[in-house]
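Whatever order the structure lists ligands and atoms in, that order sets their numbers, starting from 1.
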Amino acid sequence: MTIKEEIDRRRTFGIIAHPDAGKTTLTEKLLLFGGAIQTAGAVKSNKIKKHTTSDFMEIERQRGISVATSVMGFEYKGIKINLLDTPGHEDFAEDTYRTLTAVDSVVMLIDCAKGVEPQTRKLLEVCRMRSTPVIVFINKMDREGKDPFDLLEEIEKELRIDLRPLSWPISIGKTFKGVYNLYEKSLTLFNSGEKQTEENSIEIKDLKDGTLDKLIGEDYANTLRSDVELLEAGYPKFDVEEYSEAMVSPVFFGSAVNNFGVRELLDSFIEIAPRPKGRTTDTREVLPEDKNFTGFVFKIHANLDPKHRDRIAFLRIVSGKFERNKNYNHVRDGRNMKFSNPTAFMAQEKNIVDEAFPGDIIGLYDSSNFKIGDTLTEGEKMNFKGIPQFSPELFKYVVNADPLRTKQLNKGLEQLTDEGVAQLFTKKTDNRKVLGTVGALQFEVIQHRLKSEYSASCNFEHISLYKACWMSCKDQRKLEAFIFEKAHHMATDKEGRPVFLAESAWALQMAQEKNPDIKFHFISEFKDE
Ligand code: G4P
């Protein structure tokens, strides 16, 4: 197969959903269709529920699961699908954001009874920032839910997206009869519990056809006819181009647990979902078909065995062909590296691979050489953009609880923050270390992992902060004067950049008003002025 054919047959995506909408269930059904797993129940949920936050065994167990489910590769009808897992717990929102930098499209699940939920909203914002194409799957149609027209309106209004229904439910809950595929003009009837097969689909070219009445009864047939008329009048025709440019989102209805509507989703997905896309760097656009290999690290996972401090760096291949044992350039370090056992993920199996192509995710064993966002190339000096850190919102001072193990504590903090568990700032005036996170759970994770992996202990002390933000200014002297004036509220991040630690929204606003030439940034990636 040529590289172009390899690129064309790849689809890399993630499923986003508010917890409990059915992400684990849908993932499992997709893997069953792909033949990647044989039995239901094989994919464990990686949900970390609120009540388990202080249960460290639970955190470790979840970490184990999340290695296994980070990337689930499978083949379906000749297409190589890479499904990337995103953590459902909102404390891991930043992980999810980073994972979404490595996908080319997403499937967004909505519970038909609950509609748009808080996490759905946040995750959709991330997709919007990156113009990621979204397919909507409205799940749990076997349960009593909202009226489908109301649901579409709610989704369009709340998420500010344009929908294009491609399938339409016939009733809902106890009387749910099935879905009509508006795209293929076929009807699929629902038998609760039974596996959906291709034979269940009945082609109905003309909705006026009397067979429809025989199949679902006259009342439901008439409702479907008038619904379809309304849909055709109310929604423009679906256009694949518009979807690939993230301007419209196709919608499907189904029930993941009953395996209903899943095959239909998958068949449409492989047809319309975008093939691997290029990515932007600080010097140029990289396209998948570019000859030379390039890729970036979007996730780092520590080994679960505390005796081995190696980690797995997850690399998304952007262009060219990755080959085992070939020398590649680690741009940030300026070093050449080769990888003797790069790993590909096929469902729950890990295999060493000799080569991988754009769209693929490979795991590289790493002994602390990588940071999130690092770029590998064949020598070209460039860095992929778009994996910024966000201004954290929760802060704590780190206090060394075992002075004899200071070195271990520093190393642990350095490495755990490289992994992206939290951000580390050093205060300017007294050199105290401050950890910043987006979720409360991260502090516990850090404390626990410092102990188990680095034999170091730390306590946290309260620090009252509202936000940490980066700054830039055309006039360097003005910036320096501000940093001097606010020395007590200044820190440096791990890259040595100055960070303003605002105590309150008011303090931030005052700083902004008094210093109109200084720009305050809430993500770490910004153009220097
Ligand atoms: P998540 O990963 O998005 O958090 O959701 P998950 O798949 O774990 O599903 C959450 C619950 O919703 C599960 O029930 C699951 O069985 C159920 N579910 C998923 N799809 C459907 C569907 O199409 N219809 C109905 N009626 N239920 C669905 P649970 O009771 O929390 O767990 P379990 O004991 O069934 O695993």
Side-chain angles (χ1 to χ4, degrees), residues 13-33 36-37 39-53 58 61-62 65-66 68-72 83-93 95-96 99-100 106-124 126 134-146 148 151 167-179 188-196 200 251-266 347-348 441:
F13 82 113
I15 303 176
I16 56 173
H18 189 89
D20 268 356
K23 185 159 70 83
T24 313
T25 314
L26 179 66
T27 301
E28 187 168 284
K29 302 298 173 190
L30 292 174
L31 294 181
L32 282 166
F33 272 114
I37 53 168
T39 49
V43 180
K44 300 273 183 310
S45 166
N46 72 348
K47 282 180 274 185
I48 298 182
K49 295 225 164 100
K50 274 272 181 259
H51 64 266
T52 63
T53 51
E58 182 61 16
R61 195 182 69 81
Q62 301 288 2
I65 291 169
S66 83
T69 61
S70 283
V71 186
M72 289 163 279
L83 169 53
L84 272 58
D85 195 26
T86 52
H89 196 290
E90 65 174 318
D91 282 6
F92 292 94
D95 272 359
T96 301
T99 298
L100 291 179
V106 306
V107 169
M108 180 170 75
L109 267 182
I110 304 245
D111 181 327
C112 73
K114 297 194 176 135
V116 176
E117 295 179 84
Q119 279 296 93
T120 338
R121 237 175 253 125
K122 282 193 193 155
L123 289 161
L124 203 272
V126 174
V134 178
I135 294 179
V136 180
F137 184 81
I138 300 183
N139 192 28
K140 306 198 184 180
M141 291 305 291
D142 58 314
R143 278 206 190 148
E144 299 307 322
K146 301 186 180 184
L151 260 177
S167 80
W168 195 249
I170 302 157
S171 193
I172 194 167
K174 284 197 191 73
T175 56
F176 178 50
K177 294 266 175 266
V179 290
T188 313
L189 296 176
F190 175 68
N191 296 306
S192 156
E194 258 181 48
K195 245 189 155 190
Q196 186 198 351
N200 286 125
V251 184
F252 295 87
F253 291 83
S255 165
V257 80
N258 290 295
N259 213 3
F260 189 83
V262 179
R263 181 188 60 79
E264 201 172 31
L265 172 74
L266 193 53
Q348 279 142 323
L441 195 52

*Can you list the atoms of ligand 1 that are under 4.0 Å from a heavy atom of Ser255?*
22 (C), 23 (O), 24 (N)

*Polar atom proximity, Asn258 to ligand 1 (N or O, under 3.5 Å)*: no

*Using a strict cut-off of 4.0 Å, indicate which atoms of ligand 1 neighbour a heavy atom of Val257.*
16 (O), 20 (N), 21 (C), 22 (C), 23 (O), 24 (N), 25 (C), 27 (N), 28 (C)

*In terms of atom number and element, which parts of ligand 1 are under 4.0 angstrom from non-hydrogen atoms of Thr25?*
6 (P), 7 (O), 9 (O), 15 (C), 19 (C)

*Looking only at heavy atoms, what is the nearest atom pair of Ala256 and Lys29, with distance?*
O-CE, 3.2 Å

*asked:* Quick check on contacts: which atoms of ligand 1 are under 4.0 angstrom from a heavy atom of Pro19?
replied: 4 (O)

*Could you label the plane-to-plane angle of the Trp168 and Phe253 rings as parallel, tilted or perpendicular, counting under 30° as parallel and over 60° as perpendicular?*
perpendicular

*Given that the side chain starts at C-beta and the backbone is N, CA, C, O, which of these parts of Asp142 lies under 4.0 Å from ligand 1, counting heavy atoms, or is it both or neither?*
side chain

*Report the part of Lys140 (side chain from C-beta onward, or backbone N, CA, C, O) that has a heavy atom under 4.0 Å from ligand 1; answer both or neither where that applies.*
both

*Given the rule in the side chain to side chain contact (heavy atoms under 4.5 Å, CB included) test, do Phe252 and Val179 qualify, once you have shown the distances and angles that lead to the verdict?*
CA-CA 9 Å; Phe252 295 87; Val179 290; over 6 Å; no

*If only atom types and distance count, is the side chain of Asn139 paired as donor or acceptor with the main-chain N or O of Ala21 below 3.5 Å?*
yes

_Within the structure provided, determine whether Thr27 and Asp85 are in side-chain contact (heavy-atom separation under 4.5 Å)._
no

_Per-residue contact class, Ala17 against ligand 1 - non-hydrogen pairs under 4.0 Å_ = neither

*Any donor-acceptor pair under 3.5 Å from Glu144 side chain to Lys174 backbone*: yes

_Within ligand 1, which atoms have a heavy atom of Lys23 less than 4.0 Å away?_
1 (P), 2 (O), 3 (O), 5 (O), 7 (O)

_Distance filter under 4.0 Å to Asp20 heavy atoms, resulting ligand 1 atoms_ = 1 (P), 3 (O), 4 (O), 5 (O), 10 (C), 12 (O)

*Among Ile15, Val126, Leu100, find the one that has a side chain to side chain contact (heavy atoms under 4.5 Å, CB included) with Thr86.*
Leu100

